[in-house]
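So the structure is just underneath, and the comments pick up after that.
Side chains included, hydrogens not; waters and symmetry mates left out as well; all remaining heavy atoms used.
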Amino acid sequence: AALLSPRCDDAAVEEAADLALRQINADREEGYVLSLYRVVSAREQPQEITGSVFYLILDVVDTECHVLSKKLWKDCNTRPAHSTVYGQCKAIIYINQARNIAHLNTYECTLQPVPRRYIWSVCPDCPVDDSPTKPEYLETAARSLAKFNEESEETHYFSVLNVTRASMQWVIGPAYFVEFLIQETSCSESDTVADISMCEPLPPEVAKIGFCKGSLLKSHVQQFVTTSCEIYNHQDPATEEENQEANQ
C-alpha cells in the first residue's frame, strides 16, 4: 500500500499519537509518565482490508507522575522548564477504528535533561537536578519518609525503595528536594520501631508501593521537613490501556 504523509495536526494522527503514548507509558516500569509536546513526523500506511499503520516521531517531555501511578499523560502536570526531561519517541502503531483496535508494534524513546548551563544562564538560583544517590538526598528521603510514617494512617510502616529525582537550592540555608519510591514493610504501625530500615519488606505480590516528594531545609536555627506521598495499591482497577488490551 502507498505510504501517505498526513498533516501532523490531522485528527487521525493526533489520535494515533495519543494512543501510542498511552501504551508507551503503560509499558514503561521506571521513570515518569511522558507527555506529548508535538508530533514531529507522521506517515500512514493503509492496510489492504481495514485500518492503518502509523509511523510516528513524537517530541515528549516528562511529567510529575511516576509511571507506577498508571495515570494517563493528559492527567499529569508537566514540570517547570528548569527541571524538564525532554526527548523523542519513535513509534509504529496499527489502528483499526472499525474493530476498536490500537496495537503498538514497537517504540523507542530517548530522553535527556535540560543542560545545566542553559538553566543557570536563565535562572541562576533555580534548583538543578543532581545525583539522587548522594548522602544528603538519601537523608532527605529518610527524614521525609519518617514524617510520613508518623502521620499516615496506613497499617504498616514504609521504607525507602529508591530516590528517583533530587535537586538542591540555597534559600536561608541548603534546601534539598527529593522524589522517591517507598514500599510497605512487615512492621506494624502499632509497634515502636527504632530503625525502619531493619523492617522486612512485604512480598511483592501484596506490598503497597508509593511515590513521595519531600524536602529538607537546613538553617542555623532549625530544620524543616516536608513530605507528600501517594500510595498505589496492587489491586487497583484495571487501567484504560489494560481494558483496551483485554477487548482486543
Side-chain angles (χ1 to χ4, degrees), residues 5-44 51-114 129 164-165 167 177 179-182 208-213 228-248:
S5 298
R7 290 169 53 91
C8 289
D9 59 357
D10 182 85
V13 171
E14 291 182 341
E15 181 184 17
D18 174 40
L19 292 171
L21 198 51
R22 289 189 190 193
Q23 294 191 34
I24 288 171
N25 284 322
D27 183 62
R28 297 170 66 236
E29 298 179 350
E30 296 181 351
Y32 296 84
V33 172
L34 300 176
S35 175
L36 180 63
Y37 182 71
R38 66 181 172 187
V39 178
V40 178
S41 170
R43 307 296 294 274
E44 179 183 0
S52 291
V53 173
F54 288 87
Y55 301 85
L56 305 171
I57 299 178
L58 311 174
D59 276 349
V60 296
V61 294
D62 73 344
T63 68
E64 296 182 350
C65 300
H66 197 276
V67 293
L68 296 182
S69 70
K70 300 297 183 183
K71 291 182 179 179
L72 299 180
W73 66 269
K74 289 184 177 180
D75 297 331
C76 296
N77 294 324
T78 55
R79 294 180 180 274
H82 67 266
S83 63
T84 296
V85 171
Y86 65 95
Q88 265 193 355
C89 291
K90 297 179 180 179
I92 302 175
I93 184 170
Y94 168 69
I95 295 179
N96 187 323
Q97 288 186 330
R99 298 175 60 190
N100 195 29
I101 293 176
H103 177 71
L104 184 67
N105 295 335
T106 184
Y107 74 91
E108 179 184 8
C109 296
T110 56
L111 305 170
Q112 62 181 357
V114 176
D129 281 1
T164 57
R165 202 86 177 254
S167 60
F177 306 93
E179 297 177 9
F180 56 100
L181 292 172
I182 59 176
K208 294 179 180 177
I209 298 293
F211 176 66
C212 301
K213 296 179 180 180
S228 172
C229 296
E230 186 177 8
I231 304 300
Y232 309 132
N233 291 317
H234 264 286
Q235 301 302 319
D236 280 344
T239 63
E240 185 173 337
E241 286 81 9
E242 291 167 345
N243 288 331
Q244 187 179 62
E245 290 173 3
N247 291 336
Q248 290 174 25

(request) For side chain to side chain contact (heavy atoms under 4.5 Å, CB included), just list the numbers for R22 and L72, CA-CA rounded to whole Å, side-chain angles, deciding distance to a tenth of an Å, and then say yes or no. (result) CA-CA 6 Å; R22 289 189 190 193; L72 299 180; 4.1 Å; yes

(message) Any side-chain to backbone donor/acceptor pair from D59 onto R38? Under 3.5 Å, distance only.
(response) no

(message) Tell me if a side-chain donor or acceptor on T106 pairs with a main-chain N or O of I92 at a distance below 3.5 Å.
(response) no

(message) Tell me the closest heavy-atom pair linking S69 and Y232, and the distance in Å.
(response) CB-OH, 3.4 Å

(message) Return the CD to CD distance between E108 and Q88, rounded to the nearest 0.5 Å.
(response) 10.5 Å

(request) Could you tell me whether a side-chain N or O of D18 sits under 3.5 Å from a main-chain N or O of E14, the two making a donor and an acceptor? (result) no

(message) Using only atom types and a distance under 3.5 Å, with no angle test, would you say the side chain of R28 pairs donor to acceptor with the backbone of Y32?
(response) yes

(request) Return the minimal non-hydrogen interatomic distance between L34 and C89, and the atom names on each side. (result) CD1-SG, 4.0 Å

(message) If I compare all heavy atoms of V85 with all of R165, which pair ends up nearest, and what's the gap?
(response) CG2-NH2, 3.6 Å

(request) Compare every heavy atom of F211 with every heavy atom of T164, then report the nearest pair and how far apart it is. (result) OG1-CE1, 3.9 Å

(request) Report the distance from atom NE2 of H103 to atom CG of N96, rounding to the nearest 0.5 Å. (result) 13.0 Å

(message) Could you check whether R79 pairs with D129 (Lys NZ or Arg NE/NH1/NH2 to Asp/Glu carboxylate O, under 4.0 Å)?
(response) no

(request) Drop me the distance from D10's CG to F54's CZ, to the nearest 0.5 angstrom. (result) 7.5 Å

(request) Find the distance between OG (S35) and CD (E64) and round it off to the nearest 0.5 Å. (result) 11.5 Å

(request) Look up atom NE2 in H66 and atom SG in C76, then write down how far apart they are to the nearest 0.5 Å. (result) 11.5 Å

(request) State the CG-SG distance between D27 and C109, to the nearest 0.5 angstrom. (result) 9.5 Å

(message) Going by side chain to side chain donor-acceptor pair (under 3.5 Å), name the residues that satisfy it together with D75, two or more places apart in sequence or in a different chain.
(response) none

(request) Check the pair L111 / D62 against side chain to side chain contact (heavy atoms under 4.5 Å, CB included), numbers first and verdict last. (result) CA-CA 9 Å; L111 305 170; D62 73 344; over 6 Å; no

(request) Return yes when atom NZ of K90 has more than 12 non-hydrogen atoms of other residues, nucleotides or ligands closer than 6.0 Å, and no otherwise. (result) no

(request) Identify the heavy atoms of P6 and A42 that sit nearest to each other, and give their distance. (result) CD-O, 3.7 Å

(request) Check C8 against V39 and note the closest heavy-atom contact, atom names and distance. (result) SG-O, 3.6 Å

(request) Measure from the side-chain N and O atoms of Q23 to the backbone N and O of I93, and report whether any donor-acceptor pair falls under 3.5 Å. (result) no

(message) Let's go through I182 and I231 carefully: what are the C-alpha distance in whole Å and the side-chain angles of both, what is the deciding distance for side chain to side chain contact (heavy atoms under 4.5 Å, CB included) to 0.1 Å, and is it a yes or a no?
(response) CA-CA 9 Å; I182 59 176; I231 304 300; 3.9 Å; yes

(message) Strictly distance-based, threshold 3.5 Å: is any side-chain N or O of T63 a donor or acceptor partner for the main-chain N or O of C65?
(response) yes

(request) Let me know which of K213, K70, K71 forms a salt bridge (Lys or Arg N to Asp or Glu O under 4.0 Å) with E230. (result) K71

(message) Apply side chain to side chain contact (heavy atoms under 4.5 Å, CB included) to residues T78 and Y37 and explain how you reach the verdict.
(response) CA-CA 10 Å; T78 55; Y37 182 71; over 6 Å; no

